S.K.: 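I am attaching a structure below and will ask some questions about it afterwards.
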Amino acid sequence: MIVPTKDLFKVAYGKFAVGAYNINNLEQCMGLFRGCVDSQAPFIIQISKGARSYTHKKMLEALLLAANDVFPDAIFAVHLDHGDEDTCMDCIKSGVYSSVMIDASHESLDKNIEITRRIADAAHAKGISVEAELGQLGGVEEHVSVSEDKAHLTNPDQAVEFVKRSGCDCLACAIGTSHGAYKFTGSQGIHFEILEGIQKLLPGFPLVMHGSSSVPQDEVARINAAGGSLKGAKGVDENQFAKAAKLGVTKVNIDTDGRLVWTRVHREFFRDKPEKFDLRDPGKVFMAEYAKFISHKNGKLGSNGQLAAIRAAVGK
Ligand code: G3H
Ligand code: 13P
Ligand code: ZN
């Protein structure tokens, strides 16, 4: 069942975080649904601009509508990840999305507010909620490149003004994480003081943590042992999700970790079975491994076992 993103946030706020997982293809979609049904967790399917154009934007929409039929117990929202203005407007019109992210964080504060306000007005008219970003994450985003040392963390006072003037429904905060497999150098880590500051000023307002992959070291080691070359890859400590959830983080974005599962499965499969060439053979292994990974992550986010609470909240 597809539900409004804001309904998931109402149940989750202060208690647990909902996993927002990016998908690009059939196998990721199947693994995601299986893992969330196995762990009885609500979830958010994220589709990026790159994922929409990987084949055709209609392909992923059709895929998740089919998965909704195949997995009648699943409860999820559909979200555009890191949208620009045109893509947001297109998703608002599509009838499939529960929420969109407008990422104008690279603009000045006033321009970011102006763009976000336009998207919020259009989205709210259709019952769709809006995630906006204030501050800049390190690393590479789809259409924005921000070098680590120039990353700007979110300013809590500015967040209050931004939320009030932009009309956004949840806020992606820059708290020291970055996208991809190479996060943090030295003793850097999550800036919990920023979450604390925002929660004090905006109690009850849902926050979003981007760049939340944990880049498991055993996964990296297995990839490298099977011919990969990921040197110095490092991620977020997944045991810190619970603390972030208490501080108002209701959505935790995870993409890179799923890519690592895919890479490990396929590298090991073809290393160990060089005679094989049927794409369905590693595909089956990947779907099972991805479902296991998702189930584990939902445990760390505290979203496992929450389907009954969501069902009660949405009256189904
Ligand atoms: O934040 C970026 C997400 O990981 C999506 O990545 O733009 O390569 O699909 P992508
Ligand atoms: P990771 O690269 O850490 O998985 O972050 C994904 C993300 O923030 C998508 O918006
Ligand atoms: Zn992101």
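Quantities reported herein were computed from a predicted structural model and do not represent experimental measurements. Counting convention: from 1, in listed order, for ligands and their atoms alike.
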S.K.: Counting heavy atoms only, which part of His210 comes closer than 4.0 Å to ligand 1: side chain, backbone, both or neither?
M.R.: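 The answer is neither.
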S.K.: Could you tell me which residues satisfy side chain to side chain donor-acceptor pair (under 3.5 Å) with Glu238, sequence neighbours excluded, listed by chain and number?
M.R.: His296, Lys297
S.K.: Which bit of Thr256 gets closer than 4.0 Å to ligand 1, counting heavy atoms only: side chain, backbone, both or neither?
M.R.: neither
S.K.: Closest to the Zn ion (ligand 3), which N/O/S atom of His210 is it?
M.R.: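 Atom name returned: ND1.
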S.K.: For Ser48, counting its heavy atoms only, list the atoms of ligand 1 lying under 4.0 Å from any of them.
M.R.: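 So the atoms of ligand 1 that pass are 5 (C), 7 (O), 9 (O), 10 (P).
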S.K.: Determine whether a donor-acceptor pair (N or O, by modelled atom type, separation under 3.5 Å) exists between the side chain of Gln40 and the backbone of Val37.
M.R.: yes
S.K.: Looking only at non-hydrogen atoms, which of Asn22, Leu137, Asp103, Asp255 approaches atom 4 (O) of ligand 1 most closely?
M.R.: Asp255
S.K.: Any idea which atoms of ligand 1 are less than 4.0 Å away from a heavy-atom of Asp81?
M.R.: 1 (O), 3 (C), 5 (C)
S.K.: Using side-chain hydrogen bond (donor to acceptor under 3.5 Å, both in side chains) as the criterion, point out the one residue from Asp103, Thr87, Asp84 that pairs with Lys49.
M.R.: Asp84
S.K.: Show the atoms of ligand 1 that are less than 4.0 angstrom away from any heavy atom in Arg259.
M.R.: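 Contacts of ligand 1 toward Arg259, numbered from 1: 6 (O), 8 (O), 9 (O), 10 (P).
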S.K.: State whether the side chain of Thr177 and the backbone N or O of His210 hold a donor-acceptor pair below 3.5 Å, judged by distance alone.
M.R.: yes
S.K.: Scan Leu32, Ile310, Leu64 and name whichever one has a side-chain contact (heavy atoms from CB on, under 4.5 Å) with Phe76.
M.R.: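 Among Leu32, Ile310, Leu64, the one that satisfies the side-chain contact (heavy atoms from CB on, under 4.5 Å) with Phe76 is Leu64.
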S.K.: Check the pair Thr5, Ser99 against side chain to side chain donor-acceptor pair (under 3.5 Å), reporting the backbone distance first and the verdict last.
M.R.: CA-CA 6 Å; Thr5 308; Ser99 50; 2.6 Å; yes
S.K.: Measure from NZ or CZ of Lys276 to the centre of the six-membered ring of Phe269, then state whether that distance is under 6.0 Å and the direction lies within 45° of the axis.
M.R.: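 Not satisfied by the 6.0 Å and 45° rule.
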S.K.: So do the side chains of Gln199 and Phe205 get within less than 4.5 Å of each other, counting heavy atoms only?
M.R.: no
S.K.: Which protein residues have a heavy atom closer than 4.0 Å to any atom of ligand 2, listed by chain and number?
M.R.: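 Within 4.0 Å of ligand 2, the protein residues are Asn22, Gln46, Asp81, His82, His179, Gly180, Lys183, His210, Gly211, Ser212, Ser213, Asn253, Ile254, Asp255, Thr256.
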S.K.: If you measure every N or O of Asn24 against every N or O of ligand 1, does any of those distances drop under 3.5 Å?
M.R.: no
S.K.: Indicate yes or no: at least one non-hydrogen side-chain atom of Met209 is less than 4.5 angstrom from one of Asn253.
M.R.: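 With C-beta onward as the side chain, the pair stays apart.
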S.K.: Should the heavy atoms of other residues, nucleotides or ligands under 6.0 Å from CE of Met59 be counted, would the total exceed 12?
M.R.: no
